[in-house]
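Here is the structure we will look at.
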Amino acid sequence: MAAAGALLFVMSASAVAAQGIPFDRIELRTEKLAPNIYTLTGSPDVDPGHPEAAGGRIGLLVGPDGVVMVDAQYAPLSDKVLAAIRRISPALIRVLIDTHEHPDHTGGNPNFARQGAVIFAREETREELLRPLPAAVGAAASGTDPARLPVVTYGLGSSVKLHLDGETIDLIPLRAAHTGGDTMVRFETADVIMIGDFYRNYGYPFFDPGNGGSLQGVLDAVDLTLKLAGPDTVLVPGHGSIIHRSDLVPYRLMILDVRGRVQAMIDQGKTLKEVLAAKPTAPYDAKIPGALAPLPAGFGNSADRFVSLVYAQLKPAS
Ligand SMILES: [Zn+2]
């Protein structure tokens, strides 16, 4: 069990490895998704943990009532994020919603709180943000600035609704998916959902059991999104390209297939090493960009990380 513990630690560290990112080389690309909804996405090939686009994607609702932000990127990018927002709207940044606690989504929290934003997040996310940050986070986020903490928190159960800029914004809590404190953010009128990180299309799914994430929660989040989304709903993941409902169907089947293969090998008494050697993701590796790209912490690749996480979730404690 000690080896498995060490492995999980390395995997958690790889979730937040931000040291050594050349933040000065990251630019933000603005994309318009609806008349008053935009996203800001980081440059490719700069962030070793996210080669497809640096950091986590930001969502913006703009209008006469002020700006609503979804996620806040790494702290050193706040000036560039603010400049990008100001090119869209001069209005007060009124609300910042954290989809989950990871530093590539919350690092900028204190800087936008100081701009006047009230931070909304799950109670679990606030608790996770109160824990000391791993050294690997470096300058990407502060673990001590009190302004990083959400001001309005909520638990599982019914959605929190915000009524601003002619939109109804639903903060939809997810049970233990990518982390223990995930929120999906739905803009009802625009038919756009910022789904967070339980889905990704660069590399395999990642969930963070060290911060309350779980494989079953990822599957439940996929199922909930399949229920909420229509065929034309724009689904915006925290990383990777923007998708639609139809993209979630093969994603779900892939997770179930890999889970089934790993479970069968556990039933045969196979060790994690043997399961990794059997390459249970092989049928998908060629189709998923970044599937076999190395992870920054030196722990294998995205496929190995996914298989290791699935194994740890399914293996009965001995
Ligand atoms: Zn994340």
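In each ligand, atom 1 is the first atom listed, and ligand 1 is the first ligand listed.
Note: F23 and Y74 meet the aromatic proximity criterion, with ring centroids under 6.0 Å apart.
Counting backbone and side-chain atoms alike, D104 contributes no N/O/S atom closer than 2.8 Å to the Zn ion (ligand 1). With 2.8 Å as the limit, H239 does not count as an N, O or S neighbour of the Zn ion (ligand 1).
With salt bridges taken as basic N to acidic carboxylate O contacts below 4.0 Å, none links R122 and D98.
The side-chain hydrogen bond (donor to acceptor under 3.5 Å, both in side chains) with T41 is formed by just one residue from the set H239, R57, Q73, E52; it is R57.
Here the angle centred on the Zn ion (ligand 1), running from NE2 of H178 over to ND1 of H102, is 80°, rounded to 10°.
Counting heavy-atom neighbours within 6.0 Å of D79 CG, excluding the residue itself, gives a total of 12 or less.
The Zn ion (ligand 1) sits nearest to atom NE2 when only the N, O or S atoms of H100 are considered. For D197, the N, O or S atom closest to the Zn ion (ligand 1) goes by the atom name OD2.
Under the 6.0 Å distance and 45° angle rule, R200 does not count as a cation-pi partner of F206.
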